[in-house]
Amino acid sequence: MDCYHIQGGVPLAGEYRIKGAKNSALPVLAAAVARPGIHEIHDCPCIDDVFVMEEILQSLGADTQFKDNCLVADTRNICSTRVPQEIMSRMRSSVFLMGSLLARCGEATITRPGGCKIGSRPIDIHIEGLKQMGFDVEIQGDEIKCRGRCRGGRVMLSYPSVGATENLMMAATCSREETVIENCACEPEIVDLQGFMKTCGFDVSGGGTNRITVRGKADNEIPVDTMYFIVEDRIEAATYMAAVLGTGGRAVFRNIRAGLMEAVLGVYQRMGAKVRSFDNVIEISAPAKLKSPGIVVTAPFPGFPTDCQPQLLTLCTGASGLTTIREGVFDERFTHKKELIKMGANIEICGKNAIIKGDTALRGCRISAADLRGGAALVLAGLSAKGETTVDNIYHIDRGYEKLDEGLRQLGGIIERRTSD
Ligand code: EPZ
């Protein structure tokens, strides 16, 4: 098992280019199954979750090649509609294959998906939506079998679930009738999935709003070769920017548009950060002393992203004043709290709220990651702490950040990857 060894206290400075978004690459790769063809997906992050998705595509009969952030998936010969249980348990995004297999083959068999332990994470909204669209869904223990065809019409999501929105967008492409999905999530990654689906020749519109319309076509079976570039990763950007603020630094980030992360930049500015942006470049500078942002509530886009909550919590330990962060999306996303307390943080959890007493100087020590974003938040804590920090179980971080240590070293951070003793 590898770990990160970090020497804290060095202000980060310099330039870094933001990579492609994990949370777009995964649904886009799943959607490649819905349309036969050779799909060339560029700016695909080299992370474990993408490797797992690649394995799933191969298990279904696709040929793939992944080199220099370009993943080529040849999905002309899909010969299975069952996602192996062993792979399903490793990543929640495997659930996207329901929609794309139903679109392509009219059936799909999956088991309950795995993924970060950040709450119960059921898939009832996905299943309810598929049933509203006219599919038969049979649940036998952990196995979920879906079959049939989408009859079009109107589907209402009980909550703007990102994954359910994406799954139903894909499933609806097999109907020649029009399907309108209401109460959709509006995340930029959904807009990106829509862009890829249009490249495949699917008629999808409304991505980024809470109403998405899909009109199926007769020629779904005709192979289409595509080339697509994944949208930049706003969560990676928010994570690196938090590292700069937490160490009192200043840095320029390329390949990131401020419009994708307004809520995050607004909170960072409330804390005293100076932000300048032009086109797809953002410069961020830390104030002499960070201030508490007051109350922050995580919410679906365009609200403050839940995937940036653990990083913000770490940042608030060093800001002056008391901060309340309300986790409004997941029911267990303060997993890294106890590790931060080991470093000297003063954090109380009351239900969905974390109350952080600021002005706490963190001390380096040995800590462990328990999930992807919580693990990244612990790396940020190590960078701003006095002394040395070791973060264990960094395989959680490898799922969603490509070479995080290399990127932070590029900004002057003292961090190296080691094998845990
Ligand atoms: C996506 O997960 C992201 N993952 C998550 O990022 C992100 O945190 C989340 O959206 C919210 O933005 C990918 O895109 C691969 P949801 P998803 O369905 O689709 C509940 C990261 O760190 N819910 O919007 O699983 C659910 O339990 C990951 O990159 C149901 O109750 O999120 C949660 O409380 C973590 N029933 C809330 O809705 C359902 O059928 C939001 O979930 C589906 C969801």
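Nothing fancy with the numbering, it's 1 onward along the sequence. Atoms within a ligand are numbered from 1 in the order they appear, just like the ligands themselves.
Contacts of K22 with ligand 1, taken as heavy-atom pairs under 4.0 Å, involve the side chain alone. When non-hydrogen atoms are compared, ligand 1 lies under 4.0 Å from the side chain of R92 (C-beta onward) but not from its backbone. The parts of D124 lying near ligand 1 are both backbone and side chain, judged by heavy-atom distances below 4.0 Å. Residue contacts with ligand 1 for M53 are absent, since no atom lies close enough (heavy atoms, distance under 4.0 Å). Residue contacts with ligand 1 for R373 involve side-chain atoms from C-beta outward but no N, CA, C or O (heavy atoms, distance under 4.0 Å). If you look at D307 next to ligand 1, the close heavy atoms, those under 4.0 Å, all belong to the side chain.
Between the side chain of N346 and the backbone N or O of K357, no donor-acceptor pair lies under 3.5 Å.
Using bins of under 30°, 30° to 60° and over 60° for the plane-to-plane angle, the ring pair Y240/Y16 lands in the parallel bin. The aromatic rings of Y228 and F196 lie perpendicular to each other, with more than 60° between the two planes, well past the 30° mark.
Sorted pairs that involve residues 62-73 and meet salt bridge (charged side-chain N to carboxylate O under 4.0 Å, His left out), not counting sequence neighbours, are lacking altogether.
A heavy-atom separation below 4.0 Å is not found between G400 and ligand 1.
Applying the 6.0 Å contact sphere to CE of M227 captures no more than 12 heavy atoms from other residues, nucleotides or ligands.
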Below 3.5 Å, can you tabulate the donor-acceptor pairs from side chains in residues 122-130 to any protein atom, sequence neighbours excluded?
{"residue": "H126", "atom": "ND1", "partner": "N167", "partner atom": "ND2", "Å": "3.0"}
{"residue": "H126", "atom": "NE2", "partner": "A164", "partner atom": "N", "Å": "3.4"}
{"residue": "E128", "atom": "OE2", "partner": "Q132", "partner atom": "NE2", "Å": "3.3"}

